[in-house]
Colleague: 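One structure coming up, written as structure tokens, with questions to follow.
Counting from 1, the numbers follow the sequence of the chain as shown.
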Amino acid sequence: MSPPEFLIENSFGYALHHASYILKASMKDRFRTAGVNVTPEEFVFLFLIPEEGASQNLLTKKSLKDKTTITRLVDRLVTKGWISRIENENNRREQIIFVTAEGADVKLKLMPIAQDLISVATQGLDAKDVEISRKTLNQIILNLTS
């Protein structure tokens with residue numbers, strides 16, 4: 001008896017990748033329809049920055065992206081006027097990132113759009129299933145980053 005045939009379409013990784021891709025594409029489309037030129041990555045990054053600001057190094061770690069990618073992302077958001085960069089007084093090699101008033105307005109405009117998309121994406125799932133899915137994904141992240 002031969003082992004069952006492996007089909008990538010039936011794998012957990014494929015489902016995770018496919019769901020992530022569709023979610024990002026839908027989010028980008030909804031943001032564009034709302035008249036805001038922002039990528040899902042830029043949107044998430046804006047929400048990673050605390051009100052008191054954070055070092056670019058900390059944001060690089062929190063975003064799970066490399067320094068070069070974050071530098072480009074920060075440059076784009078500075079150009080858009082949504083964040084500002086200030087040299088750390090205690091360490092001149094370090095930049096502190098803050099959300100500007102314009103960036104805060106963008107966050108306020110986009111959050112209901114993102115929340116609506118999540119409601120559509122989780123339609124038919126009860127709250128317990130959504131929470132289990134969130135915990136499962138967080139455990140996978142922990143497993144792969146520890």
Side-chain angles (χ1 to χ4, degrees), residues 7-146:
L7 296 173
I8 191 74
E9 297 89 356
N10 294 335
S11 73
F12 179 82
Y14 179 84
L16 182 62
H17 170 75
H18 206 68
S20 174
Y21 179 84
I22 290 171
L23 183 67
K24 286 180 187 179
S26 297
M27 186 176 287
K28 191 173 183 178
D29 185 53
R30 285 172 181 241
F31 291 161
R32 190 178 319 113
T33 300
V36 182
N37 179 21
V38 62
T39 66
E41 289 78 13
E42 291 169 342
F43 170 76
V44 169
F45 191 77
L46 280 173
F47 281 89
L48 289 178
I49 304 169
E51 190 173 320
E52 66 276 7
S55 73
Q56 190 164 327
N57 286 335
L58 176 64
L59 295 170
T60 298
K61 290 175 187 167
K62 284 176 74 173
S63 67
L64 302 177
K65 298 196 182 291
D66 62 73
K67 288 181 180 183
T68 303
T69 300
I70 291 302
T71 298
R72 279 192 230 116
L73 180 62
V74 167
D75 289 345
R76 281 196 317 267
L77 293 174
V78 166
T79 299
K80 290 180 178 187
W82 297 349
I83 65 172
S84 63
R85 252 189 300 232
I86 299 171
E87 188 177 276
N88 185 343
E89 294 174 1
N90 300 322
N91 180 354
R92 293 176 37 189
R93 293 178 296 158
E94 184 177 66
Q95 302 286 316
I96 306 298
I97 309 298
F98 296 90
V99 176
T100 64
E102 187 178 346
D105 289 344
V106 168
K107 287 171 59 174
L108 284 173
K109 181 175 183 175
L110 297 179
M111 182 47 84
I113 296 167
Q115 288 172 324
D116 182 63
L117 177 60
I118 295 302
S119 292
V120 170
T122 58
Q123 187 175 350
L125 300 174
D126 64 36
K128 183 179 177 185
D129 288 339
V130 173
E131 182 59 17
I132 290 169
S133 297
R134 189 190 63 74
K135 284 182 178 180
T136 300
L137 292 171
N138 282 335
Q139 185 61 51
I140 290 168
I141 291 165
L142 185 63
N143 292 347
L144 297 175
T145 57
S146 296

Colleague: Side chains of residues 123-130: which donor-acceptor partners sit under 3.5 Å, not counting sequence neighbours?
Modeller:
residue : atom : partner : partner atom : Å
D126    : OD1  : K128    : N            : 3.1
D126    : OD1  : D129    : N            : 2.8

Colleague: Shortest non-hydrogen contact from N37 to E42?
Modeller: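 Distance-wise, the nearest heavy atoms are O-OE1, 4.1 Å.
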
Colleague: Is it true that R72 and D66 make a salt bridge, defined as a side-chain N closer than 4.0 Å to a carboxylate O?
Modeller: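 Salt bridge: no.
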
Colleague: Does the side chain of D116 reach to within under 4.5 Å of the side chain of R30, using non-hydrogen atoms?
Modeller: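 Yes; the side chains approach each other to less than 4.5 Å.
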
Colleague: Under a 3.5 Å distance rule, please check whether T100 uses its side chain to pair with a backbone N or O of W82 as donor and acceptor.
Modeller: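 Yes; at least one donor-acceptor contact below 3.5 Å.
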
Colleague: Please lay out, stage by stage, how L23 and I118 fare under the test side chain to side chain contact (heavy atoms under 4.5 Å, CB included).
Modeller: CA-CA 9 Å; L23 183 67; I118 295 302; 4.1 Å; yes

Colleague: Provide the closest heavy-atom pair for E87 versus Q95 in the form atom of the first, atom of the second, distance.
Modeller: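 Taking E87 first and Q95 second, the nearest heavy atoms are N-OE1, 4.1 Å.
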
Colleague: Taking atom CD as the centre, does E9 end up with more than 12 heavy-atom neighbours from other residues, nucleotides or ligands that are less than 6.0 angstrom away?
Modeller: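 For E9, atom CD is crowded (more than 12 foreign heavy atoms under 6.0 Å).
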
Colleague: Of the non-hydrogen atoms in M27 and A114, which two are nearest, and what is the gap between them?
Modeller: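 Heavy-atom minimum between the residues: CE-CB, 4.4 Å.
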
Colleague: Mind checking ring-ring contact (aromatic ring centres under 6.0 Å, His included) for F98 and listing every partner two or more places apart, or none if nothing turns up?
Modeller: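 Result, ring-ring contact (aromatic ring centres under 6.0 Å, His included) vs F98: none returned.
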
Colleague: Looking at E51, I'd like to know if its CD atom is crowded, meaning that more than 12 non-hydrogen atoms belonging to other residues, nucleotides or ligands lie closer than 6.0 Å.
Modeller: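 Incorrect, the count does not exceed 12.
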
Colleague: Go through the structure and list residues passing ring-ring contact (aromatic ring centres under 6.0 Å, His included) with H17, not counting sequence neighbours.
Modeller: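 Partners of H17 under the ring-ring contact (aromatic ring centres under 6.0 Å, His included) test: none.
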
Colleague: Taking atom NZ of K107 as the centre, does the number of heavy atoms from other residues, nucleotides or ligands within less than 6.0 Å exceed 12?
Modeller: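 Count over threshold, so yes.
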
Colleague: Quick one: does any side-chain atom of S26 pair with a main-chain N or O of I22 as donor and acceptor, under 3.5 Å?
Modeller: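 A pair under 3.5 Å: yes.
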
Colleague: After noting the C-alpha distance and the side-chain angles of R76 and L73, does the key distance pass the side chain to side chain contact (heavy atoms under 4.5 Å, CB included) rule?
Modeller: CA-CA 5 Å; R76 281 196 317 267; L73 180 62; 3.2 Å; yes

Colleague: For the residue pair I70 and F45, establish whether any side-chain heavy-atom pair is separated by less than 4.5 Å.
Modeller: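 A side-chain contact under 4.5 Å exists here.
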
Colleague: From I83 CD1 over to I96 CD1, what is the distance, rounded to the nearest 0.5 angstrom?
Modeller: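 Answer for the CD1-CD1 pair, I83 versus I96, is 12.0 Å.
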
Colleague: Could you tell me if the side chain of V106 sits less than 4.5 Å from the side chain of V99, heavy atoms only?
Modeller: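 V99 vs V106: side chains apart.
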
Colleague: Identify the two heavy atoms, one from S146 and one from L142, that lie closest to each other, and give their separation to 0.1 Å.
Modeller: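 Nearest heavy atoms, S146 then L142: OG-O, 2.6 Å.
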
Colleague: Under 3.5 Å, is there a donor-acceptor pair between the side chain of S63 and the main chain of T60?
Modeller: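 Side chain of S63 to backbone of T60: a pair is present.
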
Colleague: For the residue pair P40 and K24, what are the closest heavy atoms and their distance?
Modeller: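 Heavy atoms of P40 and K24 come nearest at CG-O, 3.4 Å.
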
Colleague: Counting C-beta onward and ignoring hydrogens, is there a side-chain heavy-atom pair between L64 and I141 closer than 4.5 Å?
Modeller: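 Contact flag for L64/I141 side chains = yes.
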
Colleague: Are R32 and D29 close enough, and set up right, to give a salt bridge (Lys or Arg N to Asp or Glu O under 4.0 Å), and what steps lead you there?
Modeller: CA-CA 5 Å; R32 190 178 319 113; D29 185 53; 3.4 Å; yes

Colleague: If you define the side chain from C-beta out and look only at heavy atoms, does anything of R85 sit under 4.5 Å from Q56?
Modeller: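 With C-beta onward as the side chain, the pair touches.
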
Colleague: Should I113 and F43 count as side-chain neighbours, where that means a heavy-atom distance under 4.5 Å?
Modeller: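 Side-chain contact under 4.5 Å: no.
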
Colleague: Strictly distance-based, threshold 3.5 Å: is any side-chain N or O of K109 a donor or acceptor partner for the main-chain N or O of A34?
Modeller: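 Side chain of K109 to backbone of A34: a pair is present.
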
Colleague: Could you state the interatomic distance from CG (L137) to CD1 (I132), rounded to the nearest 0.5 Å?
Modeller: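 Rounded to the nearest 0.5 Å, the CG-CD1 separation comes out at 12.0 Å.
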
